[in-house]
Asker: 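One structure, pasted below without further comment.
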Amino acid sequence: MTEYTYLHQSQPESESSLPDLELAWIGAWGTTETELPKLGRFGYNTILVQLPHPKSTGSLEIIDRDARKFPNVDPGYLTAEEDLETLRRGVVHGLEVGRKMIASGYDIKEELVPKEDEIDEFIRKVATGAYHLSSTCRMAPQEENGVVNQNLQVYGVKGLRIADASVFRKLVGVKPQATIVMIGEMCADIVLASLE
Ligand SMILES: Cc1cc2nc3c(=O)[nH]c(=O)nc-3n(C[C@H](O)[C@H](O)[C@H](O)COP(=O)(O)OP(=O)(O)OC[C@H]3O[C@@H](n4cnc5c(N)ncnc54)[C@H](O)[C@@H]3O)c2cc1C
């Protein structure tokens, strides 16, 4: 049996050492549903290029006192030039990975991939969010626009705690589910301790 050793060279305490790209091998994706050619007897794989720490910021505007009215949400995707540059590097790297796989004998062929000089246009056309919404009720001091304190209690409201992705100080650079479960467990511990 082969034994593998994983070396962790990054230092989690240093922001500059965190990865700025995530490449994921996804079955049956594509760019847009309408562009997917008929599958026939073939399957699809996509190298999904993701930004764990996007720099672009958007806005959320409450437009009515009625809580049932949807707010105006502008995610502001790609408004930071740095995000486009990072994604460009990711797409180039993803194309290299795919081509190396073809060269090494995998029975795959390119479909819906951009030409070298069309990468920016491709990114602007297909880039979208990854459903990792967070940080609308950040855990931070009130004077820094925080909404909850370290015990998940909402400032200015008695008896209300928040335990979900909205309390992240900022987007976690990984899939968020495990961190969210951890927050739920932490909330349960805090409530139980308060009853003792
Ligand atoms: C398609 C998709 C794929 C994803 N894949 C992954 C993945 O692979 N890995 C990963 O880690 N994360 C993934 N995520 C993200 C992850 O699912 C979310 O980050 C996570 O579920 C957020 O947890 P939450 O508790 O903050 O909110 P939610 O899970 O959205 O929970 C909010 C809950 O509040 C309830 N609710 C809303 N309004 C009210 C109300 N007025 N009164 C009472 N209840 C209300 C909702 O019904 C819901 O149950 C994915 C998300 C999507 C959409």
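We number each residue from 1, following the sequence as shown. When a ligand or atom number is given, it counts from 1 through the structure's own listing order.
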Asker: Cluster partners of Val157, using ILVMFWY side-chain heavy atoms under 4.5 angstrom, listed by chain and number?
Answerer: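 Same cluster as Val157: Met139, Val147, Val148, Leu152, Val154, Leu160, Ile162, Val167, Phe168, Val172, Val174, Ile180, Met182, Ile183, Met186, Ile190.
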
Asker: Yes or no on salt bridge (Lys or Arg N to Asp or Glu O under 4.0 Å) for Glu81 and Lys55, after CA distance, side-chain angles and deciding distance?
Answerer: CA-CA 9 Å; Glu81 187 63 24; Lys55 301 290 184 288; over 6 Å; no

Asker: Look at the side chain of Asp83 and the backbone N and O of Ser56, then say whether any donor-acceptor pair between them is shorter than 3.5 Å.
Answerer: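 Indeed, once roles are kept as given, a pair shorter than 3.5 Å links the two residues.
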
Asker: How many angstroms lie between atom CG of Asp20 and atom CD of Glu82, to the nearest 0.5 angstrom?
Answerer: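 Rounded to the nearest 0.5 Å, the CG-CD separation comes to 8.0 Å.
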
Asker: Okay, side chain of Arg161, backbone of Asn151: is any donor-acceptor separation there less than 3.5 Å?
Answerer: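 Checked: pair present.
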
Asker: Using a cut-off of under 3.5 Å, which N/O atoms of ligand 1 pair up with protein N/O atoms, and what distance separates each pair?
Answerer:
from: ligand 1; atom 1: 11 (O); to: Pro176; atom 2: N; distance (Å): 3.3
from: ligand 1; atom 1: 11 (O); to: Gln177; atom 2: N; distance (Å): 2.7
from: ligand 1; atom 1: 26 (O); to: Ala165; atom 2: N; distance (Å): 2.9

Asker: Taking the side chain as every heavy atom from C-beta outward, state whether Lys125 and Glu118 have any pair of such atoms under 4.5 Å apart.
Answerer: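 No. Closest side-chain heavy atoms not under 4.5 Å.
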
